[in-house]
Protein chains: 2
Amino acid sequence: MALAHAIMTALIDDDLSGYELAKSFDVSLGFFWRASHQQIYQELRKLAERGLLRGEKVSQSGKPNKIIYGLTEEGREALAQWVYDSSRMQEAKDDMLVKLYNLGDDNISHMVSEIEKRRDEMMQRLYLYERIRRTHYAKPDVLPVRRQGVYLALRCGITGGEQFLAWCDEALKRLAQIQSAQA
Amino acid sequence: MALAHAIMTALIDDDLSGYELAKSFDVSLGFFWRASHQQIYQELRKLAERGLLRGEKVSQSGKPNKIIYGLTEEGREALAQWVYDSSRMQEAKDDMLVKLYNLGDDNISHMVSEIEKRRDEMMQRLYLYERIRRTHYAKPDVLPVRRQGVYLALRCGITGGEQFLAWCDEALKRLAQIQSAQA
DNA sequence: AAACTATGTGCAAGTATTTGCATATATTTT
DNA sequence: AAAATATATGCAAATACTTGCACATAGTTT
């Protein structure tokens, strides 16, 4: 039920087309809630049908036409209300962790490379977070309230990412030990 | 596609009924991949149909009958093969983080209590992790390889949980500051 | 006696998400 | 000139997951 709310959230400040929204997702809310463009387009249409968004067709020359979506009053109210809904702790749902339950002499080197790959990806993600933090949140205390909320979400991503890197190092060390004992 | 593999993983050592499996999930793999009992029963039947599990009906007196599932050779092979499949980084998909993007003077006290609730839940989770660690993984180095993999997953849960607690404290501190500035 | 807890499995309906494909045009690169 | 990239939206099918309900028995608590 929450991709809808993530999308509405992305439209708080600006009206966007599906394409623009998908791009903005990639560098902000998508850090915490990934969605494919198909899902976004579908959800936008559904939300417009339900009256929570208003879609305006824009004809363009030189580019394909697009539909700009914006929150309706009803949408803003629904979103504000949603914040008070109770939400649950999310599990990691990460294949990698399930795979670790299957660790064996045969697949250990595969797990090493999988963890190394994750480590690299997270490293890149952290560079991106850090750039965003420096650029937009250098002095969080002086930001308006809502921006401070976004900052806190970013901090959650940063500290979570740093912890993950540390775990990767721990795991790789242990796996290397097992491998050297094997030889 | 991975609940299937989580279930098969839970059956590596022991054959279990759906009920037993659901319970074992609650204190192990379910930390990383939660599933309702309905989903588990469905998946067990599907896996049995596909020949990856063998289901054996057991009549019981005094208790309802049950079906004990175990991995077939084919299942074991499929599981072993699955470990080599590539897997992707998972996003948090956490409502709470999306809600933070909607932070405002009106809902700030709600967010405080939501974060406090999460903090409590994680604290309890960490107690449980710690008990498991002490009981079963006090000396990880001497464990067989597969158990060391499980230990690494547990460590991921522990360090991730500790990071989350620290983040909660940071967030609560900031929210308290905003609230006191408001007054 | 009634209520609650534990054991044990399942259907049906709805919602969410992924995967693969399809269609266009304009600009930039090879 | 061909190929790749960016812009822009969508359908259809399959898979995954959640929610609410239903049945059935035994033991324990109030």
Side-chain angles (χ1 to χ4, degrees), chain A residues 1-8 15-27 30 32-50 52-53 55-69 82 85-95 98, chain B residues 1-8 15-26 30 32-50 53 55-69 82 85-95 98:
Chain A
M1 182 54 90
L3 173 60
H5 297 102
I7 285 176
M8 289 196 277
D15 293 359
L16 298 172
S17 70
Y19 190 80
E20 288 163 341
L21 202 148
K23 298 212 89 178
S24 108
F25 244 62
D26 286 346
V27 291
F32 311 117
W33 204 289
R34 179 140 307 281
S36 61
H37 80 266
Q38 290 89 337
Q39 214 185 330
I40 288 173
Y41 285 120
Q42 265 175 42
E43 203 64 44
L44 283 169
R45 252 177 301 136
K46 272 193 222 164
L47 287 168
E49 273 169 35
R50 287 166 54 197
L52 301 174
L53 296 184
E56 197 188 336
K57 278 179 199 167
V58 178
S59 301
Q60 299 187 116
S61 61
K63 284 179 189 179
N65 298 340
K66 60 183 176 182
I67 306 170
I68 301 279
Y69 290 94
W82 168 75
D85 286 2
S86 69
S87 70
R88 296 190 231 152
M89 182 161 73
Q90 281 306 301
E91 316 305 330
K93 289 226 171 178
D94 190 330
D95 282 352
V98 179
Chain B
M1 183 53 92
L3 173 60
H5 296 102
I7 285 176
M8 288 197 277
D15 293 359
L16 299 170
S17 69
Y19 190 79
E20 289 163 340
L21 201 147
K23 299 213 88 179
S24 107
F25 244 61
D26 285 346
F32 311 116
W33 204 289
R34 178 142 307 281
S36 61
H37 79 266
Q38 292 88 336
Q39 213 185 333
I40 288 173
Y41 285 121
Q42 265 174 40
E43 203 63 45
L44 283 169
R45 252 177 301 137
K46 272 193 222 164
L47 287 168
E49 273 170 35
R50 286 165 55 197
L53 296 183
E56 198 188 338
K57 278 179 198 164
V58 177
S59 302
Q60 299 187 115
S61 63
K63 285 180 187 177
N65 298 340
K66 61 183 174 181
I67 306 170
I68 300 281
Y69 290 95
W82 169 75
D85 286 2
S86 70
S87 71
R88 295 191 233 153
M89 182 161 75
Q90 281 305 300
E91 316 305 329
K93 289 227 171 179
D94 189 330
D95 282 352
V98 179

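Quick note on labels: first sequence line is chain A, next is B, and so on, each numbered from 1. Note that this is a predicted model, so its numbers are computed, not measured.
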In whole angstrom, what separates [X]'s [atom1] from [N]'s [atom2]?
| X | N | atom1 | atom2 | result |
| --- | --- | --- | --- | --- |
| B:Trp33 | D:dT18 | CH2 | P | 11 Å |
| A:Arg50 | C:dT15 | CZ | P | 9 Å |
| B:Glu56 | C:dT9 | CD | P | 13 Å |
| A:Gln39 | D:dA8 | CD | P | 21 Å |

At 4.0 Å (heavy atoms only), tell me whether A:Lys23 reaches a base, stays on the sugar-phosphate, or touches nothing.
sugar-phosphate

Using a 4.0 Å heavy-atom cut-off across all strands, classify A:Lys57 as base, sugar-phosphate, or nothing.
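If one applies the 4.0 Å heavy-atom cut-off, A:Lys57 turns out to touch nothing in the nucleic acid.
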
I want to check something: taking the side chain as every heavy atom from C-beta on, are [X] and [Y] in contact at a cut-off of under 4.5 Å?
| X | Y | value |
| --- | --- | --- |
| B:Lys46 | B:Glu43 | yes |
| A:Lys93 | B:Lys93 | no |
| B:Leu3 | B:Trp33 | yes |

I'd like a table of donor-acceptor pairs (distance under 3.5 Å, sequence neighbours excluded) in which one partner is a side-chain atom from residues 34-42 of chain B, with atom names and distances.
unit_1: B:Arg34; atom_1: NH1; unit_2: B:Asp26; atom_2: OD1; d: 3.4
unit_1: B:Ser36; atom_1: OG; unit_2: B:Gln39; atom_2: N; d: 3.4

For the side chain of [X], counting heavy atoms from C-beta on, which of [options] is nearest?
| X | options | answer |
| --- | --- | --- |
| B:Leu3 | D:dC17, C:dT9, D:dT9 | D:dC17 |
| A:His37 | D:dT18, C:dT7, D:dG10 | D:dG10 |
| B:Arg45 | C:dC11, D:dG10, D:dT19 | C:dC11 |
| B:Pro64 | D:dA24, C:dG10, C:dT17 | D:dA24 |
| B:Tyr19 | C:dT17, C:dT7, D:dT9 | C:dT7 |
| B:Tyr41 | C:dT9, C:dT17, D:dT9 | C:dT9 |
| B:Ser17 | C:dG10, C:dG8, C:dT17 | C:dG8 |

Nearest heavy atom decides the nucleotide; on that basis, is B:Gln38 or B:Arg88 closer to the 5' end of DNA chain C?
B:Gln38

What distance separates B:Ile68 CD1 from B:Ser17 OG, expressed to the nearest 0.5 Å?
5.0 Å

Ignoring backbone atoms, establish whether B:Lys93 has a side-chain N or O less than 4.0 Å from OP1 or OP2 of C:dA16.
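No, outside the criterion.
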
Do the side chain of B:Gln42 and the base of C:dG10 come within less than 3.5 angstrom through a donor-acceptor pair of N or O atoms?
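No, the side chain and the base share no sub-3.5 Å donor-acceptor pair.
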
